[in-house]
2 protein chains.
Amino acid sequence: MSQAHERPTLEAVARLAGVSRATVSRVVNGSPKVAEPIRSAVRRAVEELGYIPNAAARSLVTQRTDSIALVLPESASRVFSDDPFFPSIIHGVSQELDAADKQLVLMMTNTVAGYERVERYTTARHVDGVLFASTHGVDPLPGQLARLGVPVVVTGRPLGRSAVPYVDVDHVGGVRAAVRHLLETGHSRIATIAGPQDMVAGIDRLAGYRAELRGSDRRSIVAVGDFTRESGATAMRQLLEDDPLLDAVFVASDLMAHGAITTLRELGRRIPEDVAVVGFDDFDISRYTDPPLTTVRQPILELGRELARQLLRVIAGEEVPPAVVLPTELVVRASA
Amino acid sequence: MSQAHERPTLEAVARLAGVSRATVSRVVNGSPKVAEPIRSAVRRAVEELGYIPNAAARSLVTQRTDSIALVLPESASRVFSDDPFFPSIIHGVSQELDAADKQLVLMMTNTVAGYERVERYTTARHVDGVLFASTHGVDPLPGQLARLGVPVVVTGRPLGRSAVPYVDVDHVGGVRAAVRHLLETGHSRIATIAGPQDMVAGIDRLAGYRAELRGSDRRSIVAVGDFTRESGATAMRQLLEDDPLLDAVFVASDLMAHGAITTLRELGRRIPEDVAVVGFDDFDISRYTDPPLTTVRQPILELGRELARQLLRVIAGEEVPPAVVLPTELVVRASA
DNA sequence: TCTCTCCCTGAAAGCGCTCTCACGTGCGGC
DNA sequence: GCCGCACGTGAGAGCGCTTTCAGGGAGAGA
């Protein structure tokens, strides 16, 4: 039962194998400069005692922990809501970390106390580096950690200046393609349901919409949501009040687009005949909705992977570009 | 930039404050036996230098890491599929750990290499304890870790004998209530779509179905799925081939129930008039399906919380019951 | 046969912290 | 006025590991 305290140390292995601690350490860490007979003797001793190196002792001297923190500045309920964004990020990150034999430490929090914990935990060198996903507004923590010498990479172009490398997708390009598509298919009153304006994704997608319309003579019609299904439904209702004759809407997230479609249906609008709808995300379910959703695909899984890859590079001391922007792509289906 | 190496140690703080390392340590750890003037002098020095204790050094002597591993023996894609089971578990666990100021280390893997990593990581004392969710078949790892003195708690009654404490829900009780409901509402040919038979949840729910039918003169009609929507659809088709006259089906998971409903619809069966359907889980969406799903509610979030609570107790050296079984409850809606 | 290398191996220093133990000071009680 | 007792503080050991440095032995060249 409580053999807990009898866990063998390097010392014990060394004694059993009749060598020094240094030699055991070398064998365990795969140093090439140990003669074969000794190496196998040590291996046998390790096996026999079931020796596993103590992580804390090792980190203390190597200054590495082989773990990476992924900080999601959201409540756990939000992270695991029906929005697959975070799960995909986690998935992508964990793929890369697995390959690099690193551990993932998940930190979800949207409270001040939680944030302080994140700060303590990461600067206490519990982890070799920190990843931030989806930061709202101007978050000082990433920059602060970076200044303390902690490797940091974030998703989403940071608001405000920041020396922290980031990975993002081409929001503006994707949105412009979407709006252009609506223009080219003959729509004249193109509204948008924007995302929250304290998040880069929200800001940039609205900017893309405005930029593309500016080239035409159409005016912009805007409502703002918070990326949830419900907010999409509400915003759609509002848009129709503002302009009952609108004939297309670009919605800044698929989830909001689903909400918008519900509202349009309720109000008797046909899609796409009366109102064309384009989303942004390309979630799996968008393929199966009725009608299948035309949307801008952003490679979220890849975003997570790239995020992890960049951090691993920073940790390895390699030079990394200040920004990596992944392409987005318009996927035309039946809704527009 | 690379102030990384200039990070202050206890020693530095002690020097600045003009006291010994021991005293600084006491202040940092909130020991009551330090005189006020000295305490504040130390506090000031800590503040001034931005001192944060090194986690590895601390763990090395305290033997604690204040982190907990949650092992999900599934691929990340499965964990973050549309089945909200794992997300809810994670959510519940993280609620409790947050409250206890512990960190969550997520380990998802279904590969042998990944499993070895889990073993190394946890026995290297990277974490103070380990939580296992949803173990398939007979998994030796939990017991093995427990034997090494690592605190372990699992979800789901382990198959085979095991000295590891577990938390589970009352599968059998819930299923019996469901089947009883079908009997009482006059159904005579009650089939079931069971879950995978290498998982306790699958086994127990099938056992509950059989146990309840045994008391009646109805025969059992069984198909097996793997808890996914698709497998539910397929299994339903098979059941209808086996017995075209069946008038009710108990499905061992909501997701499979949704699949089964799709199939029933496709084949022109009305629900519940022709075939009554009862699920198991009570996922959020089951309230909104057409018709709303009658199902057995299992408290998954609470399962996660209880899991974490038990582990924290084990870590604290408290006695814990070998098993905690949370109640399930039949929720009657329109589908049966 | 002797010396010079080149490998291997071991001794020992420390990584940064906690915690036991011993010691000094100031106080009250007799 | 002296002793004893708290109470606070510091010295130092040690957690388990890596890594430098020096030394011993074997082999090669002279």
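Here is the naming used below: chain letters follow the sequence lines, and residue numbers restart at 1 for every chain.
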Enquirer: Please check if the side chain of S162(B) supplies one atom and the backbone of P158(B) the other of a donor-acceptor pair under 3.5 Å.
Expert: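 No.
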
Enquirer: Main chain of S31(A), side chain of N29(A): is a donor-acceptor contact present, judged purely on distance under 3.5 Å?
Expert: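 Judged by distance alone, no pair lies under 3.5 Å.
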
Enquirer: Tell me: CZ of R64(A) to C1' of dT19(D), nearest whole Å?
Expert: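 Spelled out: CZ on R64(A) to C1' on dT19(D) is 13 Å.
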
Enquirer: Sugar-phosphate atoms are those with a prime plus P, OP1 and OP2; base atoms are the rest. Using that split, label each nucleotide of nucleotides 15-22 of chain C B, S or - for protein heavy atoms under 4.0 Å, 5' to 3'.
Expert: BBBBBB--

Enquirer: Just to verify, which of V127(A), V93(A), L311(A) counts as forming a side chain to side chain contact (heavy atoms under 4.5 Å, CB included) with I68(A)?
Expert: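 So the option named by the test is L311(A).
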
Enquirer: Tell me the interatomic distance from K33(A), atom NZ, to dG25(D), atom P, rounded to whole angstroms.
Expert: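 Value for this atom pair: 20 Å.
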
Enquirer: Quick one: does P53(A)'s side chain get under 4.5 Å of V28(A)'s, heavy atoms only?
Expert: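 Yes, close enough: below the 4.5 Å cut-off.
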
Enquirer: Is the backbone N or O of T65(B) less than 3.5 Å from a side-chain atom of S67(B), with the two atoms forming a donor-acceptor pair by type?
Expert: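 Judged by distance alone, yes, a pair lies under 3.5 Å.
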
